[in-house]
Number of protein chains: 4
Amino acid sequence: MATSTEDLFLPVNVDRASQVIVDQIKVLIRAGKLQPGDRLPSERELCQRFNVSRVTVREALRVLETNGLLTIRVGSHGGAFLTTPSAERLGVGLADLLSLAPATAHDVTEARFIVELGTLPLAVERATEGDIAALFAMVEEAEAALKAGKYNVELSAAFHTRIAQCTHNPAVEMLMQSFNGPLRMSLEESHTAAPMGEQGIAEHRKLAEAIQARDVEGARKLMTEHLNRTAARVLPNS
Amino acid sequence: MATSTEDLFLPVNVDRASQVIVDQIKVLIRAGKLQPGDRLPSERELCQRFNVSRVTVREALRVLETNGLLTIRVGSHGGAFLTTPSAERLGVGLADLLSLAPATAHDVTEARFIVELGTLPLAVERATEGDIAALFAMVEEAEAALKAGKYNVELSAAFHTRIAQCTHNPAVEMLMQSFNGPLRMSLEESHTAAPMGEQGIAEHRKLAEAIQARDVEGARKLMTEHLNRTAARVLPNS
Amino acid sequence: MATSTEDLFLPVNVDRASQVIVDQIKVLIRAGKLQPGDRLPSERELCQRFNVSRVTVREALRVLETNGLLTIRVGSHGGAFLTTPSAERLGVGLADLLSLAPATAHDVTEARFIVELGTLPLAVERATEGDIAALFAMVEEAEAALKAGKYNVELSAAFHTRIAQCTHNPAVEMLMQSFNGPLRMSLEESHTAAPMGEQGIAEHRKLAEAIQARDVEGARKLMTEHLNRTAARVLPNS
Amino acid sequence: MATSTEDLFLPVNVDRASQVIVDQIKVLIRAGKLQPGDRLPSERELCQRFNVSRVTVREALRVLETNGLLTIRVGSHGGAFLTTPSAERLGVGLADLLSLAPATAHDVTEARFIVELGTLPLAVERATEGDIAALFAMVEEAEAALKAGKYNVELSAAFHTRIAQCTHNPAVEMLMQSFNGPLRMSLEESHTAAPMGEQGIAEHRKLAEAIQARDVEGARKLMTEHLNRTAARVLPNS
DNA sequence: GTGGTCTAGACCACA
DNA sequence: GTGGTCTAGACCACG
């Protein structure tokens with residue numbers, strides 16, 4: 001035959017079929033062909049499109065769901081929807097990984113210092129009037145919740161996340177969420193945390209004031225103390 | 001009314017069978033009942049233990065694998081093995097999420113600044129003789145690779161990760177890996193990056209020297225420039 | 001092996017959404033948060049509270065209704081009301097189950113012997129003047145009904161239930177109702193019973209007299225004969 | 001008109017459609033057209049047969065399931081299967097009803113006395129060699145479990161149920177199960193039961209011996225003491 | 001009626 | 001004997 005047999009025989013695809021599907025969908029997402037909010041075809045239709053069984057499609061969807069790329073809703077108008085991205089899943093993954101890792105609570109807190117203190121200057125610099133108003137509103141909400149005996153770690157986490165939002169940088173926001181999401185919760189769960197107190201909220205208020213005053217150094221100092229204090233709660237022996 | 005019916009009825013939340021299995025295994029990991037390196041029973045045996053079908057077990061394993069908690073090997077001595085944790089998977093997740101997010105490359109670089117600059121002081125403070133020797137060794141390896149035309153982004157990423165390792169804090173290390181893993185690669189892939197140059201390696205060497213000299217401020221300045229330069233490569237219009 | 005994987009993996013048990021709701025409401029009942037006579041919120045409101053569809057709520061209510069825990073009334077003042085408990089539903093369940101079971105009419109009668117004869121001593125011991133008067137009143141009512149040709153198995157069952165009521169123990173009462181409710185009816189329906197006769201009512205009167213005289217042994221004997229005779233009617237070949 | 005209008009107008013069927021289906025299936029069961037182990041047609045087929053919607057069929061199946069007449073299994077070979085009857089469901093119903101009723105634990109215990117003591121003579125009379133061997137086997141199993149720290153209320157309940165089985169009367173057996181099933185468990189759960197002890201098992205052994213010796217009076221006495229002792233555990237103030 | 005979820009049992013390729 | 005895949009058919013839930 002005229003042509004040599006070189007390059008005729010391509011390596012067979014050793015990947016899992018489900019992984020191929022996952023990659024293909026990720027490419028579509030990266031290319032912007034699929035946007036947040038879009039709905040994927042039904043499982044049964046995807047079977048036909050990819051020419052695989054339903055089980056394989058489901059495995060692929062499961063992976064994408066785990067990666068936080070889509071959520072699956074049941075019901076007649078259900079299906080697989082691309083998510084507006086959130087770092088929550090990432091926080092879960094981080095928490096899981098650290099559980100398995102040799103990282104101590106002290107290690108994690110130190111990493112959090114890096115992120116929180118690094119974020120602060122950007123937040124102080126870029127916070128709008130609206131941002132600052134929102135921060136104060138959250139403080140007041142927290143005070144009300146405290147009186148009602150409903151103050152919890154979630155409200156505290158939301159405040160820290162809101163500070164990150166002041167940077168108007170979604171990547172930074174996600175980074176912060178990773179630490180103030182499930183990870184923080186699992187940290188505090190595992191220790192019998194003293195109930196979040198008045199003092200925590202008071203410090204939040206002072207932080208908001210420092211950001212309003214564009215006082216980077218003051219904010220850094222406040223945040224350092226604040227974190228040290230909360231860190232001390234989960235790490236009695238520091 | 002004697003008792004109001006408010007708050008009596010909690011929203012129901014029916015988990016998937018596979019999710020229940022995932023959670024159960026995560027608990028076992030957190031509790032230390034399952035250690036890195038351990039092998040889970042075979043899929044078929046897990047079916048019997050959990051009293052579910054094989055597909056369901058497989059979905060659960062797929063999720064855990066995606067979360068980086070275990071790796072699956074085929075073959076007669078294969079099975080699902082708990083991983084020594086690594087942040088690689090996390091980086092993949094982060095990259096995926098940012099692909100979907102409105103985050104620009106500039107945003108991501110800014111987040112990386114926070115992490116890299118925040119890590120540096122700890123690295124400078126705690127780097128051992130061995131750490132510093134390793135850093136220099138990597139620089140030399142890079143120089144050799146460059147001559148051989150084999151220098152690539154992976155080697156550069158490894159250097160940054162090695163700096164984080166100097167903090168001797170696994171959580172910080174993971175944080176750094178998240179940015180210098182698949183994420184960085186996907187960032188640079190999407191742009192036609194000029195080949196990593198001599199200058200990059202030279203800056204790495206100077207960074208190593210600053211760490212050896214315990215010169216925090218010098219190191220900060222060097223890293224800032226280094227990152228700015230690489231950032232400029234992926235962001236011509238900054 | 002360091003840690004065996006035995007007993008680590010518990011069988012998963014995923015409940016239906018409707019079952020979760022059922023359980024939740026049962027807990028509220030057991031805890032006394034919901035009392036007999038209370039009205040549950042409307043189906044539509046329950047949907048929102050539980051965050052499920054209406055069909056699911058309806059299935060849950062249907063189960064609770066079947067268990068005799070609530071009754072559903074239609075109309076503008078309708079809704080789901082917790083019942084004052086009655087053993088009627090239980091009797092239905094017992095009857096259904098025995099229909100399906102390999103239990104013969106003889107078996108059931110034997111079980112009834114146990115309950116009726118076991119109840120008698122308590123009834124004799126604790127019957128008040130009022131109880132005894134009520135028993136005699138029922139006998140006379142039965143005699144009148146017989147003359148009018150309206151005597152039926154229900155009236156007879158009521159007499160036996162009333163005896164159980166003399167124990168002033170609601171649990172015993174329910175036990176008796178289980179046998180003298182739908183079960184007895186279904187037993188007798190299936191055979192062409194000779195109409196309840198004079199003799200049956202006469203024996204009831206004697207039983208009442210024995211109870212009045214606090215004559216346990218006499219009552220036992222009477223009841224034994226009475227049951228044997230009725231049993232013979234449904235079991236010609238005993 | 002020639003004919004009077006009497007009896008022309010029958011009451012309209014006020015029953016729920018689902019209830020009609022339930023009744024129809026119950027009739028088939030009573031008539032023996034459907035036997036334990038039989039599988040009903042699939043939901044979709046039943047829809048067509050009854051000419052109703054799936055929701056209606058599902059409600060009917062849910063009711064029948066609640067009544068313990070059938071169990072529903074998912075999966076490829078799933079469906080609705082007629083159960084081999086068991087009194088477990090009945091016990092659940094009884095427990096629920098008593099939770100709602102004004103019955104105290106003391107009331108329930110008294111009812112249990114009636115059943116247990118009434119059953120004993122029949123068991124003594126009819127127990128076969130095999131029955132007796134089984135009773136002793138259970139005692140030994142219990143002793144082994146106790147040593148392993150695994151003795152629980154279930155094993156104790158099983159012993160009492162096994163005694164009822166000695167009567168070779170399925171109706172009596174069910175009656176006993178009703179009390180020694182979920183009801184007993186809920187009774188003991190609600191009180192902090194002292195762990196079932198050596199003494200309980202010893203008494204079980206003596207009971208088995210009395211049955212072996214066909215000693216009705218001895219058995220009665222033993223059972224009375226046994227029940228009194230266990231009753232005292234849940235009723236400290238008797 | 002349309003979706004997601006689960007099951008049982010089978011075949012294949014691999015180490 | 002392991003994981004990887006497939007088929008066919010059932011229940012479960014939503015609108």
Side-chain angles (χ1 to χ4, degrees), chain A residues 12-21 39-47 50-62 65 71-81, chain B residues 12 14-21 39-47 50-62 65 70-81, chain C residues 12-21 47 50-60, chain D residues 39-47 53-55 57-59 61-62 65 70-81:
Chain A
V12 299
N13 196 337
V14 302
D15 273 356
R16 265 190 279 257
S18 60
Q19 192 57 45
V20 175
I21 296 179
R39 181 175 162 285
L40 259 51
S42 77
E43 290 186 355
R44 283 163 178 92
E45 189 175 345
L46 287 174
C47 294
F50 290 118
N51 195 26
V52 295
S53 82
R54 217 142 142 239
V55 180
T56 306
V57 168
R58 283 179 61 69
E59 278 198 10
L61 293 182
R62 191 69 62 250
E65 191 189 19
T71 59
I72 295 176
R73 286 203 289 274
V74 298
S76 170
H77 288 148
F81 294 84
Chain B
V12 318
V14 187
D15 276 350
R16 266 188 278 261
S18 60
Q19 190 58 45
V20 175
I21 296 179
R39 181 177 163 285
L40 293 182
S42 76
E43 292 184 355
R44 283 162 179 89
E45 188 174 347
L46 286 175
C47 293
F50 287 120
N51 195 25
V52 294
S53 82
R54 188 146 162 245
V55 180
T56 304
V57 167
R58 284 179 58 72
E59 279 197 9
L61 294 182
R62 191 69 60 247
E65 190 189 21
L70 49 81
T71 60
I72 295 176
R73 287 202 287 275
V74 298
S76 143
H77 289 149
F81 295 83
Chain C
V12 319
N13 190 5
V14 186
D15 276 350
R16 266 188 278 263
S18 60
Q19 191 58 44
V20 175
I21 296 180
C47 291
F50 287 120
N51 195 27
V52 295
S53 81
R54 189 133 167 259
V55 184
T56 304
V57 167
R58 286 178 60 74
E59 279 197 10
Chain D
R39 182 177 160 282
L40 258 50
S42 76
E43 290 185 354
R44 275 158 180 96
E45 190 174 345
L46 287 175
C47 293
S53 81
R54 273 197 54 216
V55 187
V57 167
R58 284 177 60 71
E59 278 196 10
L61 292 181
R62 191 69 63 249
E65 190 189 22
L70 50 80
T71 60
I72 295 176
R73 288 203 289 272
V74 297
S76 165
H77 291 144
F81 294 84

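Throughout, a chain's letter reflects where its sequence line sits, starting with A, and its residues are numbered from 1. These numbers come from the heavy atoms of this one structure, side chains and all, not from hydrogens, waters or symmetry mates.
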> Within this structure, what is the CD-to-P distance between Glu59(A) and dT7(F), rounded to whole angstrom?
Replying inline: 14 Å
> Arg62(B) side chain N/O closer than 4.0 Å to the phosphate oxygens (OP1, OP2) of dG4(F)?
Replying inline: yes
>> Between P on dA10(F) and CZ on Arg16(C), what's the gap in Å once rounded to a whole number?
In response: 17 Å
> Got a second to check how far Asp15(C)'s CG is from Asp15(B)'s CG, nearest 0.5 Å?
Replying inline: 11.5 Å
>> It should be established whether Thr56(C) places a side-chain nitrogen or oxygen under 4.0 Å from OP1 or OP2 of nucleotide dC14(F).
In response: yes
>> In whole Å, I'd like the distance from the CD atom of Glu65(B) to the P atom of dG4(F).
In response: 7 Å
>> I want to check one thing: is the phosphate of dA10(F), taken as OP1 and OP2, less than 4.0 Å away from some side-chain N or O of Arg39(D)?
In response: yes
> Arg44(D) or Arg44(B): which one's nearest nucleotide on DNA chain E is closer to the 5' end?
Replying inline: Arg44(D)
> Between dT2(E) atom P and Glu45(A) atom CD, what is the distance in whole Å?
Replying inline: 12 Å
> Can you tell me how far the OG1 atom of Thr71(B) sits from the CZ atom of Phe81(B), to the nearest 0.5 Å?
Replying inline: 7.5 Å
>> Whole angstroms only, please: what is the CZ-P distance between Phe81(A) and dG4(E)?
In response: 9 Å
>> What is the distance, to the nearest angstrom, from the CD atom on Glu43(A) to the C1' atom on dG9(F)?
In response: 15 Å
> Between atom CG of Asn51(B) and atom CG of Asn13(C), what is the distance when rounded to the nearest 0.5 Å?
Replying inline: 8.5 Å
> So does Arg73(B) get a side-chain nitrogen or oxygen closer than 4.0 Å to the phosphate oxygens (OP1/OP2) of dG3(F)?
Replying inline: no
>> Judged by each residue's nearest nucleotide on DNA chain E, which is more toward the 5′ side, Gly75(D) or His77(B)?
In response: Gly75(D)
> Under 4.0 Å between a Lys/Arg side-chain N and an Asp/Glu carboxylate O for Glu59(B) and Arg62(B)?
Replying inline: no
> Any side-chain N or O of Arg58(D) under 4.0 Å from OP1/OP2 of dA13(F)?
Replying inline: yes
> If you measure from CG on Leu61(B) to CD1 on Ile72(B), what distance do you get to the nearest 0.5 Å?
Replying inline: 5.0 Å
> Distance from Arg39(D) atom CZ to Ser42(D) atom OG, nearest 0.5 Å?
Replying inline: 6.5 Å
>> Wobble G-U and Watson-Crick pairs count when both distances are under 3.5 Å; given that, what is the 5' to 3' dot-bracket string of DNA chain F, with | for pairing to other strands?
In response: ||||||||||||||.
>> For dC6(F) and Ser53(A) - does any side-chain N or O of the residue sit under 4.0 Å from the phosphate oxygens OP1/OP2?
In response: yes
> Pick the nucleotide of DNA chain F nearest each of Arg54(A) and Arg54(B); which residue has the one closer to the 5' end?
Replying inline: Arg54(B)
> Taking for each residue the nucleotide of DNA chain F with the nearest heavy atom, is it Val52(A) or Val52(C) whose nucleotide lies nearer the 5' end?
Replying inline: Val52(A)
> In whole Å, what is the span from the CZ atom of Phe50(A) to the C1' atom of dT5(F)?
Replying inline: 16 Å
> Looking for any heavy atom pair under 4.0 Å, which part of the strands does Val74(A) touch: base, sugar-phosphate only, or nothing?
Replying inline: sugar-phosphate
> Could you state the interatomic distance from CZ (Arg58(B)) to CZ (Arg58(A)), rounded to the nearest 0.5 Å?
Replying inline: 13.0 Å
> Roughly how many Å is it from CD in Gln19(C) to C1' in dT5(E), rounded to a whole number?
Replying inline: 18 Å
> By ring-ring contact (aromatic ring centres under 6.0 Å, His included), which residues pair with Phe50(A), not counting sequence neighbours?
Replying inline: none
